[in-house]
2 protein chains.
Amino acid sequence: MKSSIPAATVARLPIYLRCLGDLAADQSTCSSEELGAIAGVNSAQVRKDVSFLGSQGVRGVGYKVAELRRELRSALGLTKGYAVAIAGIGNLGRALSNYGGFAGWGFDVVALFDSDPAKVGSKVGGQRVESVEHLERIVKERGVSIGIVATPADAAQSVVDQFTGAGLRSILNFAPTVLQVPETVAVRRVDLSTELQILSFYLKDSGE
Amino acid sequence: MKSSIPAATVARLPIYLRCLGDLAADQSTCSSEELGAIAGVNSAQVRKDVSFLGSQGVRGVGYKVAELRRELRSALGLTKGYAVAIAGIGNLGRALSNYGGFAGWGFDVVALFDSDPAKVGSKVGGQRVESVEHLERIVKERGVSIGIVATPADAAQSVVDQFTGAGLRSILNFAPTVLQVPETVAVRRVDLSTELQILSFYLKDSGE
DNA sequence: GTATGTGAAGACCTTCACAGCG
DNA sequence: CGCTGTGAAGGTCTTCACATAC
């Protein structure tokens with residue numbers, strides 16, 4: 001996971017990319033000041049982050065929007081599409097399956113898994129739900145690169161073991177638990193309760 | 001937002017709390033080494049984090065599980081419940097409304113909002129969906145402390161303005177956009193596409 | 001002996017401030 | 001003149017290592 005771009009910068013690149021997409025279509029250049037303002041980041045930070053891409057801004061003018069977007073997409077590896085699998089088709093898994101927001105960035109949901117026989121075989125978002133028993137085989141067959149875990153906490157580790165067993169090295173975990181994975185595997189955690197608890201701290205802290 | 005506890009520590013406290021809850025019921029003490037292993041954190045980090053709580057571990061033994069959990073809950077302000085409102089009852093908003101995982105931590109969903117007249121008046125997760133027009137009034141009436149934004153990107157800023165207008169200072173944002181808020185307001189961003197793009201970077205980076 | 005609590009070191013990240021270029 | 005690119009300064013966070021306490 002050794003990278004030439006600092007982790008903190010990597011985490012901001014998608015934000016820049018989105019913010020650039022939100023600009024008026026006729027805006028061809030954008031200064032670090034301006035991009036920073038809409039991305040919620042200091043302008044020096046923007047310049048330093050962008051400098052890691054090797055992109056050249058134009059002094060006195062700013063960055064060329066189209067070029068910078070291309071550079072960001074390329075740096076993030078969004079040029080080739082990735083196949084995504086979702087495990088756990090409950091409330092959240094179903095919402096994710098139906099969410100169209102990935103496709104625009106080249107992420108393609110190619111498999112859904114659940115352990116409940118009542119759900120297996122049903123269709124969600126145009127995809128057939130498969131039994132988690134066939135996870136490894138199907139993940140390999142369909143060339144899945146990213147696994148999304150949307151199961152209850154107690155099923156998450158087992159699903160992840162199967163994902164990694166099938167060779168996956170990228171996991172997005174929505175289950176409220178900390179996953180144990182080999183260090184070659186990248187995990188991003190998204191946990192609702194954790195976020196609410198953090199907000200709770202700052203509420204309390206500011207004297208509510 | 002000035003706090004005596006570092007932000008990085010605050011972000012880990014909920015994880016510790018959850019991990020302690022996952023321990024066997026008969027385990028009365030836990031070392032920093034052990035807690036670190038299941039939380040995915042260095043043991044020195046655990047000790048330093050816990051030291052901010054003022055809690056005392058027992059040298060040669062570890063921390064008393066029950067006592068540490070109490071301290072964590074107290075530090076996070078989870079002793080009093082907070083009322084939560086969800087705006088945007090689409091796929092995700094509906095999944096969040098039906099998700100029972102908050103209640104156990106003292107978060108109570110007391111209001112749902114949507115701008116679509118077809119949804120207003122329907123029931124989701126036992127709650128009536130209200131028109132976003134009445135957001136400010138209802139938020140005040142019901143003493144909401146935390147606002148969850150699950151609207152499409154283009155509606156998010158307007159909803160947040162209403163939330164902050166009603167006096168909210170804590171926002172959890174699922175909409176794929178960067179919100180502009182007064183600096184007295186705490187925002188946590190949860191963005192699926194961003195997470196996938198970050199994973200994409202590391203996939204590419206490790207030679208996929 | 002075993003595990004905490006913590007100063008100090010080191011790594012990482014952000015911000016400043018200004019030289020340099022268009 | 002305006003804005004980028006970047007060395008240097010200043011913070012913050014993590015890890016080490018060991019004195020300290022049970």
Side-chain angles (χ1 to χ4, degrees), chain A residues 1-13 15-16 20 23 27-69 71-72 75 178 183 198 201-202 205, chain B residues 1-16 19-20 23 27-69 71-72 75 178 183 198 201-202 205:
Chain A
M1 198 83 34
K2 162 81 160 308
S3 162
S4 53
I5 305 187
T9 293
V10 171
R12 279 186 296 267
L13 298 184
I15 300 180
Y16 298 148
L20 289 172
L23 292 176
Q27 180 166 354
S28 64
T29 68
C30 180
S31 70
S32 62
E33 195 79 43
E34 189 180 3
L35 182 51
I38 55 181
V41 162
N42 181 297
S43 67
Q45 185 77 80
V46 172
R47 293 197 295 279
K48 188 142 281 189
D49 286 342
V50 169
S51 76
F52 287 109
L53 305 180
S55 173
Q56 301 287 323
V58 183
R59 295 177 195 227
V61 177
Y63 300 96
K64 292 187 193 167
V65 173
E67 189 184 321
L68 184 50
R69 293 185 64 187
E71 295 251 21
L72 286 166
V178 179
E183 60 186 18
I198 293 170
F201 174 87
Y202 289 112
D205 204 51
Chain B
M1 199 83 34
K2 163 80 162 310
S3 161
S4 53
I5 305 185
T9 293
V10 172
R12 280 186 297 267
L13 298 183
I15 300 179
Y16 298 149
C19 288
L20 289 172
L23 293 175
Q27 181 167 354
S28 63
T29 68
C30 179
S31 70
S32 62
E33 195 79 43
E34 189 180 2
L35 182 51
I38 55 181
V41 163
N42 181 297
S43 67
Q45 185 78 79
V46 172
R47 294 197 293 281
K48 189 142 281 191
D49 285 342
V50 170
S51 76
F52 287 110
L53 306 181
S55 173
Q56 299 288 324
V58 183
R59 294 179 195 223
V61 178
Y63 300 97
K64 293 187 192 168
V65 173
E67 189 183 319
L68 184 49
R69 292 185 65 187
E71 296 250 23
L72 285 167
V178 179
E183 59 186 18
I198 293 170
F201 174 88
Y202 288 112
D205 203 51

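Chain A is the first sequence line, chain B the second, and so forth, proteins listed ahead of strands; every chain is numbered from 1. Just so it is clear, the model here is predicted, and its values are computed rather than measured.
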query = A:S31 has a side chain; which of C:dA3, D:dC3, C:dT15 sits nearest to it?
reply =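 Among the listed nucleotides, the one closest to the side chain of A:S31 is D:dC3.
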
In whole angstrom, give the distance that lies between atom [atom1] of [X] and atom [atom2] of [N].
{"X": "A:E71", "N": "D:dT4", "atom1": "CD", "atom2": "C1'", "result": "15 Å"}
{"X": "B:N42", "N": "C:dA3", "atom1": "CG", "atom2": "C1'", "result": "14 Å"}
{"X": "B:D49", "N": "D:dC13", "atom1": "CG", "atom2": "C1'", "result": "10 Å"}
{"X": "B:K48", "N": "C:dA9", "atom1": "NZ", "atom2": "C1'", "result": "11 Å"}
{"X": "A:E33", "N": "D:dT4", "atom1": "CD", "atom2": "C1'", "result": "12 Å"}
{"X": "A:F52", "N": "D:dT4", "atom1": "CZ", "atom2": "P", "result": "17 Å"}
{"X": "B:Q45", "N": "C:dG10", "atom1": "CD", "atom2": "C1'", "result": "14 Å"}
{"X": "A:L35", "N": "D:dG2", "atom1": "CG", "atom2": "C1'", "result": "17 Å"}

Minimum side-chain heavy-atom gap [X]-[Y] below 4.5 Å:
{"X": "B:V178", "Y": "A:I38", "result": "no"}
{"X": "A:R47", "Y": "A:Y63", "result": "yes"}
{"X": "B:I5", "Y": "B:D49", "result": "no"}
{"X": "B:V41", "Y": "B:I15", "result": "no"}

Are any of [X]'s side-chain N or O atoms less than 4.0 Å away from OP1 or OP2 of [N]?
{"X": "A:Y63", "N": "D:dG2", "answer": "no"}
{"X": "A:S32", "N": "D:dT4", "answer": "yes"}
{"X": "B:Q56", "N": "C:dT4", "answer": "no"}

query = Measuring from A:Q56:CD to A:S51:OG, what's the distance to the nearest 0.5 Å?
reply =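 The distance works out to 9.5 Å.
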
query = If you measure from CZ on B:R69 to CG on B:L23, what distance do you get to the nearest 0.5 Å?
reply =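 Answer for the CZ-CG pair, B:R69 versus B:L23, is 8.5 Å.
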
request  = Using a 4.0 Å heavy-atom cut-off across all strands, classify B:A8 as base, sugar-phosphate, or nothing.
outcome  =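 Answer is sugar-phosphate: B:A8 comes under 4.0 Å of backbone atoms only.
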
key: Along DNA chain C (nearest heavy atom to each residue), the more 5'-positioned of A:A7 and A:R47   =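 Its nearest nucleotide being more 5', the pick is A:A7.
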
Do any N or O atoms of the protein come closer than 3.5 Å to N or O atoms of nucleotides 19-22 of chain D, and which pairs are they?
residue	atom	partner	partner atom	Å
D:dT20	O2	B:R59	NH1	2.4

key: Criterion side chain to side chain contact (heavy atoms under 4.5 Å, CB included) against A:V50, the qualifying member of A:L72, A:T9, A:L68   =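 That would be A:L68.
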
